[in-house]
Number of protein chains: 2
Amino acid sequence: MTSVEEPARPGERERVRDAARTRAEILDVATQEFARAGYDGARVDEIAARTRTTKRMIYYYFGGKEQLFTAVLERAYGVIREAEQQLDVEHLDPVAAIRRLAEVTFDHHEQHPDFIRLVSIENIHEAHHIAASEKLGRIGSPALDVIRRILEEGRRSGLFTADVDAVDLHAMISSFCFFRVSNRHTFGALFGRDLVDPAQRAHYRTMLGDMVIAYLTAERAAD
Amino acid sequence: MTSVEEPARPGERERVRDAARTRAEILDVATQEFARAGYDGARVDEIAARTRTTKRMIYYYFGGKEQLFTAVLERAYGVIREAEQQLDVEHLDPVAAIRRLAEVTFDHHEQHPDFIRLVSIENIHEAHHIAASEKLGRIGSPALDVIRRILEEGRRSGLFTADVDAVDLHAMISSFCFFRVSNRHTFGALFGRDLVDPAQRAHYRTMLGDMVIAYLTAERAAD
DNA sequence: TCACTAATGTACGAACTAGTACGTTAGCTA
DNA sequence: TAGCTAACGTACTAGTTCGTACATTAGTGA
């Protein structure tokens, strides 16, 4: 996350009034609060209290709780987009490239549990905020283009037997990474196993790669 | 779900006061309301209004909103347990048995979106209600025992190369089934593809089976 | 340095919401 | 059939929560 207690970058002396900083600070705190308690569980007063500013400013900059949540989502998706754009796997052979992609996805999910929670919350609300957002509708994902190119190359070179769709493969990889974080608590409570146990991290990371590669390289009966 | 507008089974004349029926009716409506709006979004008054009885009765039978939600979860998990106990795959060969198990899991998730939503909601609350419930702590899953036996048999007969843990395989299968339903809305909004589109049902069902079998039968480098 | 406006703070209100005090009655049993 | 109690309804309250009216000031450009 950006900028909570940002200590006046050198050269810029700390102004008392700074729209950009105030806005960013509200977004930071709101992200935490929404992720912690869900949309309805989150309290506007609580967000304001944990900010250097007041509730008045939330309404001044964002208009309301609903729009604030939308802004939080927009920024959170922006972060993951940026990460995916850094993806540099084109120099690898298709098998290694897919494995690398899966690992990067795995790592990103693990490192951003708040993002996972926000997405879960948005699904409870049937993605109404995304639908209402101009920035987020049909935004897609940079990772998808990468997957498309790797699959193409893998198919051409005969390494991948399956005629797999890029969106489907993305769903397959995401589901494993997402579930591991999103359902950590119920899974742990029911089965007594912490899916996010650091000691098991490498194990699950490998398992995901093995699964995806096995699927892509397996012989399959014709449909 | 059970018993909303249950029309006085023959022989039992409809009593005005019927504790069991009232309790069940509250649970039915509460399940819908909690699944619809989340724990904090759900309104006790709304649940009461959609019942033949009043809010007073919710407190009379369950004690409070929190306990009502716990009761809803307990019943929802009870339903899936029952379904899993019906599982009869021991007569199949390991590959067919695993595929069948995956399909049953797939079907159950698809048929119970409310259950998926409740589990998502409970994860937002870090499984506090499950932890507080005597019925649900470490409840496990009948499917797990089945998986254990199939894996054992598959390993013994040399069909499965991998030394896979039953809980891990359960997580793998669940993650795909769960994500497809739980993240349907954000995935659809972002990628323009409905993972629960009936026309794609068979496709994803096959994909899951292929994935799991590929993983279990693939050759793997030693750790 | 003056005036203008973007940015900010205070105080309050209307509506909602979980929970309860108190009174009533259906249906069973002795 | 009388009486007892589990089951039920009404009406209310205390506390919360989103949102806003109104007043104020820091910073900037003329």
Side-chain angles (χ1 to χ4, degrees), chain A residues 3-4 6 8-9 11-30 32-34 36-72 121 125 128-129 132, chain B residues 3-4 6 8-9 11-30 32-34 36-72 121 125 128-129 132:
Chain A
S3 79
V4 175
E6 190 165 301
R9 281 151 298 185
E12 295 181 31
R13 92 167 181 293
E14 174 94 341
R15 288 195 305 290
V16 174
R17 295 182 174 194
D18 185 331
R21 192 199 56 196
T22 301
R23 233 189 97 97
E25 195 181 334
I26 292 172
L27 271 182
D28 286 335
V29 176
Q32 292 169 28
E33 173 70 0
F34 280 124
R36 182 187 67 79
Y39 178 77
D40 290 289
R43 298 287 161 245
V44 176
D45 282 298
E46 178 63 23
I47 294 169
R50 283 162 49 198
T51 292
R52 267 181 292 187
T53 184
T54 64
K55 182 165 56 157
R56 176 72 181 74
M57 288 299 97
I58 294 175
Y59 289 89
Y60 183 70
Y61 284 115
F62 298 95
K65 189 180 181 182
E66 204 95 26
Q67 296 99 304
L68 175 59
F69 183 68
T70 303
V72 164
I121 290 160
H125 293 87
H128 287 322
H129 305 91
Chain B
S3 78
V4 176
E6 189 167 301
R9 281 150 297 184
E12 295 181 31
R13 91 168 184 292
E14 174 94 337
R15 288 195 306 290
V16 173
R17 294 181 173 194
D18 184 331
R21 192 199 55 197
T22 302
R23 232 189 98 95
E25 196 181 332
I26 292 172
L27 272 181
D28 286 336
V29 176
Q32 292 168 30
E33 174 71 0
F34 280 124
R36 182 187 68 78
Y39 177 78
D40 290 289
R43 296 288 161 243
V44 176
D45 281 299
E46 178 63 22
I47 294 170
R50 282 163 49 197
T51 292
R52 270 180 290 187
T53 185
T54 65
K55 182 165 54 158
R56 177 71 181 73
M57 287 298 98
I58 293 175
Y59 290 89
Y60 184 67
Y61 284 115
F62 298 95
K65 188 181 183 181
E66 204 97 25
Q67 296 99 304
L68 176 59
F69 183 69
T70 303
V72 163
I121 291 160
H125 293 89
H128 287 323
H129 304 92

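Letters A, B, ... mirror the listed sequences (proteins, then strands); counts begin at 1. In what follows, every heavy atom counts, from backbone to side chain, and hydrogens, waters and symmetry copies are set aside.
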May I have the distance from A:Arg21 (atom CZ) to C:dA6 (atom P), rounded to whole angstrom?
19 Å
Residue pair A:Glu25 / A:Arg52: nearest heavy atoms and the distance that separates them
OE2-N, 2.8 Å
Between C1' of D:dG19 and CD of A:Glu66, the distance in whole Å:
14 Å
For B:Met57 and C:dA21, give me the distance from atom CE to atom C1', rounded to whole Å.
14 Å
Can you tell me how far CD1 of A:Ile58 sits from NZ of A:Lys65, rounded to the nearest 0.5 angstrom?
10.5 Å
Over how many whole Å does the gap from A:Phe62 atom CZ to C:dA7 atom P extend?
12 Å
Return the value, rounded to whole Å, for the distance between atom CG of A:Asp40 and atom P of D:dT16.
18 Å
What pairs of nitrogen or oxygen atoms, one from the protein and one from nucleotides 4-6 of chain D, lie under 3.5 Å apart?
none

Rounded to whole Å, CD of A:Glu25 lies from C1' of C:dA7 at a distance of 14 Å
Distances under 3.5 Å between nitrogen or oxygen atoms of protein and nucleotides 10-12 of chain C:
none

Rounded to the nearest 0.5 Å, how far apart are CD1 of A:Ile121 and CZ of A:Arg36?
10.5 Å
Spacing of B:Arg52 atom CZ relative to D:dC8 atom P, expressed in whole Å:
10 Å
When you measure from the side-chain N and O atoms of A:Tyr61 to the phosphate of C:dT8, is any distance below 4.0 Å, counting only OP1 and OP2?
yes
Look at the side chain of B:Arg15 and decide which nucleotide, out of C:dG9, D:dA7, C:dG27, has an atom nearest to it.
C:dG27
Under the side chain to side chain contact (heavy atoms under 4.5 Å, CB included) rule, collect the residues that match up with A:Phe62, sequence neighbours excluded.
A:Arg23, A:Ile26, A:Leu27, A:Leu68, A:Ala71
For nucleotides 15-17 of chain C, list the nitrogen or oxygen atoms of the protein found under 3.5 Å from its nitrogen or oxygen atoms, one pair per line.
unit_1: C:dT17; atom_1: OP1; unit_2: B:Arg43; atom_2: NE; d: 2.6
unit_1: C:dT17; atom_1: OP1; unit_2: B:Arg43; atom_2: NH2; d: 3.1
unit_1: C:dT17; atom_1: O5'; unit_2: B:Arg43; atom_2: NE; d: 3.3

A:Ile58 CD1 to D:dT17 P, in whole Å, measures 14 Å
Who passes ring pair (Phe, Tyr, Trp, His ring centres under 6.0 Å) against A:Tyr39, sequence neighbours left out?
A:Phe34, A:Phe69, A:His125, A:His129
OP1 or OP2 of C:dG9 sitting under 4.0 Å from any side-chain N/O of A:Thr53?
yes
The side chain to side chain contact (heavy atoms under 4.5 Å, CB included) partners of B:Glu46 (sequence neighbours excluded) come to B:Glu33, B:Arg43, B:Arg50
Heavy-atom pair of closest approach, residues B:Ala37 and B:Ala42
CB-N, 3.7 Å
Closest-nucleotide mapping onto DNA chain D: is B:Arg23 or A:Tyr59 further toward the 5' terminus? I mean the 5' end.
B:Arg23
